[in-house]
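The structure under discussion appears below in the form of C-alpha cells.
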Amino acid sequence: MSKNRLTWAIVALCAFVTIVAVGRTVAEPTPGEPGRAAHVVLVDVPSLDWSDITNSSMPNLYQAAQQGATGLLTTRAARSVTCPWDGWLTVGAGNRARYPSPIPEDQLPAPAELPNPTPTASPALAMDGCLGQIGTVPTTNGSKIAAAVTENKGLPFGAVPGALGTAVSCTTVVGDGPALAVGARGAKVSAAEAPKTSAGWQPLIEQCPLLLATATPAEAASSASLASLDATLGTIIDGAKSAGATIIVAGISQSL
C-alpha cells in the first residue's frame, strides 16, 4: 500500500481506535496524487484493540495487519463515550456527531461508571448496551436517520448525518448501524445479509463503490468468540481481495 493510501485512511477515518487497511489500488498513483480504489469496504468491530490481535487469537486479522497499513487513533464522537451509533454517525458526517441518548444528557453517568449491562443493574445505569445503542436502529417518521439529524442540529460541530452516502453513487450496508453513516436524503443505499463465504462477499462488494458492515463486538470477548470473529473477517478480507477492493477493519466505537 502506498504512503498516500495510508495518509488517506488515517485522515478520513480519524474517529477509529484501531484500523487495519488492506488492499490494492486500481491504478498506481503518480507522485503527489492519492491512491484510488474502485471499491472500499469498511468493517466495524466495536472496541477493537491491538491487544485482541495476535497470531494465535486472530490470525486472519493479524496477517492482514502485517501486509497492509495500520493505525492506532482516538475514538471521539460528540460525547465523552463513543457508542456504536455515535461512531457510525461520525464516520458518515466526517466530524463529531451523536445519536440521541435514551435518557437526558445531564443524567448520564460518568464514563468510569458505565457498566457492562446486566439484568440486575440499577435502572439509572442499565442502558441496554452503550446508551441503548445496540440492535435495531429505531425508525422515526419513516427514517432511521431522522432522529440523528434533529439531534445534531443543536450541536456546535456542524455534523450532517449520512452525508457520506451522497459522495458515492451507491452504498451497500450489512447490519443495522451502517445506515446511519450513509442515509442522507438522496443517497442510494441497499441493505444485504452477511454472506457466509468469501465467494459470497465478492459480488456484494462489487455491487457499489462502498460497502459498510458491522461485525461481532470484540469487547470482553472470549478466545472462542475472537476466533469466530476472525473467521468471519477472513471471509470478508478474502472476498475484498478477490474484488480488488481496499478493506478497512476498524473499531469505530469505544464500547457497547
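- Between the side chain of D86 and the backbone N or O of A77, no donor-acceptor pair lies under 3.5 Å.
- For residues 133-168, no pair satisfies disulfide (SG to SG under 2.5 Å), with sequence neighbours left out.
- Using a 4.5 Å cut-off on side-chain heavy atoms (C-beta onward), N95 and T90 make no contact.
- Counting heavy atoms from C-beta on, the side chains of I247 and V43 come closer than 4.5 Å.
- Separation of atoms CG (D44) and CD1 (I248) is listed at 12.0 Å; rounding is to 0.5 Å.
- Between W88 and V173 the shortest side-chain heavy-atom distance does not fall below 4.5 Å.
- Between L61 atom CG and T232 atom OG1 the span is 12.0 Å, to the nearest 0.5 Å.
- At least one side-chain heavy atom of Q133 sits under 4.5 Å from a side-chain heavy atom of Y99.
- In terms of the side-chain hydrogen bond (donor to acceptor under 3.5 Å, both in side chains) criterion, residue partners of Q63 (sequence neighbours excluded) are, by chain and number, N55.
- Each salt bridge (Lys or Arg N to Asp or Glu O under 4.0 Å) pair with one or both residues in residues 164-173, not counting sequence neighbours, would appear here, but there are none.
- To the nearest 0.5 Å, atom CG of residue D52 and atom OG of residue S57 are 7.0 Å apart.
- For A184 against G162, the heavy-atom pair with the smallest separation is CB-O, 3.2 Å.
- Partners of S198 under the side-chain hydrogen bond (donor to acceptor under 3.5 Å, both in side chains) rule, at least two apart in sequence or in another chain, do not exist in this structure.
- For residues 131-214, the set of pairs meeting the disulfide (SG to SG under 2.5 Å) definition, not counting sequence neighbours, comprises C170-C208.
- In terms of heavy atoms, L229 sits closest to A215 at CD1-CB, 3.7 Å.
- Here the straight-line distance linking atom OG1 of T197 with atom CD of Q202 works out to 10.0 Å at 0.5 Å rounding.
- In this structure the side chain of V174 never reaches within 4.5 angstrom of the side chain of T214, judged on heavy atoms.
- Interatomic distance, OG of S242 versus CD of E206, reported as 8.5 Å (0.5 Å rounding).
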What donor-acceptor contacts under 3.5 angstrom involve side-chain atoms of residues 137-150, with partners at least two apart or in another chain?
| residue | atom | partner | partner atom | Å |
| --- | --- | --- | --- | --- |
| S143 | OG | I145 | N | 3.1 |
| S143 | OG | A146 | N | 3.2 |
| K144 | NZ | V137 | O | 2.9 |
| T150 | OG1 | A146 | O | 3.4 |

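- In this structure, the side-chain contact (heavy atoms from CB on, under 4.5 Å) partners of V160, at least two apart in sequence or on a different chain, are A163.
- Residues forming a side-chain hydrogen bond (donor to acceptor under 3.5 Å, both in side chains) with D230 (at least two apart in sequence, or on another chain): N60.
- T235 places a side-chain heavy atom less than 4.5 Å from the side chain of W201.
- Counting only residues at least two apart or in different chains, side chain to side chain donor-acceptor pair (under 3.5 Å) contacts with residues 159-185 comprise T172-Q207.
- Atom NE2 of residue H39 and atom CD1 of residue I205 lie 9.0 Å apart, to the nearest 0.5 angstrom.
- Partners of A179 under the side-chain contact (heavy atoms from CB on, under 4.5 Å) rule, at least two apart in sequence or in another chain, do not exist in this structure.
- S253 is not listed as a side-chain neighbour of C83, based on a closest heavy-atom distance of 4.5 Å or more.
- L155 belongs to a hydrophobic cluster with F157, counting contacts under 4.5 Å between side-chain heavy atoms of Ile, Leu, Val, Met, Phe, Trp and Tyr, direct or through other members.
- Contact between A187 and V182 at its shortest, heavy atoms only, is CB-O, 3.2 Å.
- Residues passing the side-chain hydrogen bond (donor to acceptor under 3.5 Å, both in side chains) test with S56 are T54, sequence neighbours excluded.
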Exercise for the section: Mind running side-chain contact (heavy atoms from CB on, under 4.5 Å) on L211 and V40 for me, showing each step along the way? Expected result: CA-CA 6 Å; L211 184 144; V40 175; over 6 Å; no

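- Side-chain contact between T246 and V41: absent, with no pair of heavy atoms (C-beta onward) separated by less than 4.5 Å.
- One N or O on the side chain of N152 and one on the backbone of R98 form a donor-acceptor pair closer than 3.5 Å.
- Using modelled atom types, one finds no donor on one side chain facing an acceptor on the other under 3.5 Å when comparing S228 with S225.
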